[in-house]
Amino acid sequence: MSQQQDRHFRPGIMLFPLRKYMSGPQHDFIKTNVKRGMTALDLGSGPGFFATMLSEAVGINGTVHAVDGDKAAVTRLQNRAGALGLTNITAHVSSAANIPYIQSRSIDVLFSNGLLCCMLDHRGAVDEMMRVMKTGSRGFISVAKLFRKDGLGVPKDEWERIKRSFDVVDSGSSVVIDWVVVSKPGDDKNEL
Ligand SMILES: C[S@@+](CC[C@H](N)C(=O)[O-])C[C@H]1O[C@@H](n2cnc3c(N)ncnc32)[C@H](O)[C@@H]1O
């Protein structure tokens, strides 16, 4: 009997050459919300296509925590950061649903592109996002539409519930993803 597991990709797939010429809501989010000196979290970073952009945006006085469940992806990220001379990225191999090494309310900006639809414990990951973000901090979260029905995927009603856990600043949809820009609510918001 096969048991479903989180989905990992060959790191090279997430670094395909044309990707650096593409732009989307992820790039707009980074441009608008990531400032020098911030502490950022890239949850489900893969080999760090966006973690390196976050690193440049926060600058040498900022920090990027990059977390991925796949050791090969994290090693690739560390090698790329080394080659690019980016010294402000701390990379961790772990489940996004269990990041106790990141202090509560320590994150100024959260980025999580295409993670939730690759993992089983959506609620665990969202709870960790909520725990580590500072009140009022911004986050970008996206999920793939393609995998919606495969068990790991995030069905529409669940996506709406996840969005409502936060304060929604902006949201949208492309052919392949649903995305949301959120703000971490204060303690008085009823979490779902
Ligand atoms: C679609 S990729 C996106 C990677 C990256 N955010 C990007 O945009 O290039 C999803 C990533 O989630 C990671 N992942 C899957 N399950 C995970 C889990 N439970 N905890 C942390 N990362 C996980 C995979 O290894 C993969 O790198």
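Indexing begins at 1, ligand by ligand and atom by atom, following the structure's order.
- Taking the six-membered ring where the residue is Trp, Phe111 and Phe29 present tilted rings, their angle falling between 30° and 60°.
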From CA spacing to verdict: ring pair (Phe, Tyr, Trp, His ring centres under 6.0 Å), Phe50, His27: CA-CA 9 Å; Phe50 288 110; His27 301 76; 5.5 Å; yes
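- Protein residues having at least one heavy atom under 4.0 Å from any atom of ligand 1 are Asp6, Arg7, His8, Phe9, Met14, Arg19, Gly44, Ser45, Gly46, Phe50, Asp68, Gly69, Asp70, Ser94, Ser95, Ala96, Asn113, Gly114, Leu115, Cys118, Met119, listed by chain and number.
- Through direct or indirect side-chain contacts shorter than 4.5 Å among Ile, Leu, Val, Met, Phe, Trp and Tyr, Met14 is connected to Phe9.
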Candidate pair Ser183 and Arg138, rule side chain to side chain donor-acceptor pair (under 3.5 Å), full reasoning: CA-CA 4 Å; Ser183 168; Arg138 294 278 169 99; 4.8 Å; no
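- A salt bridge links Lys163 to Glu160: at least one charged side-chain nitrogen sits closer than 4.0 Å to a carboxylate oxygen.
- In the model, Asp178 has a side-chain atom that pairs as donor or acceptor with a side-chain atom of Ser173 under 3.5 Å.
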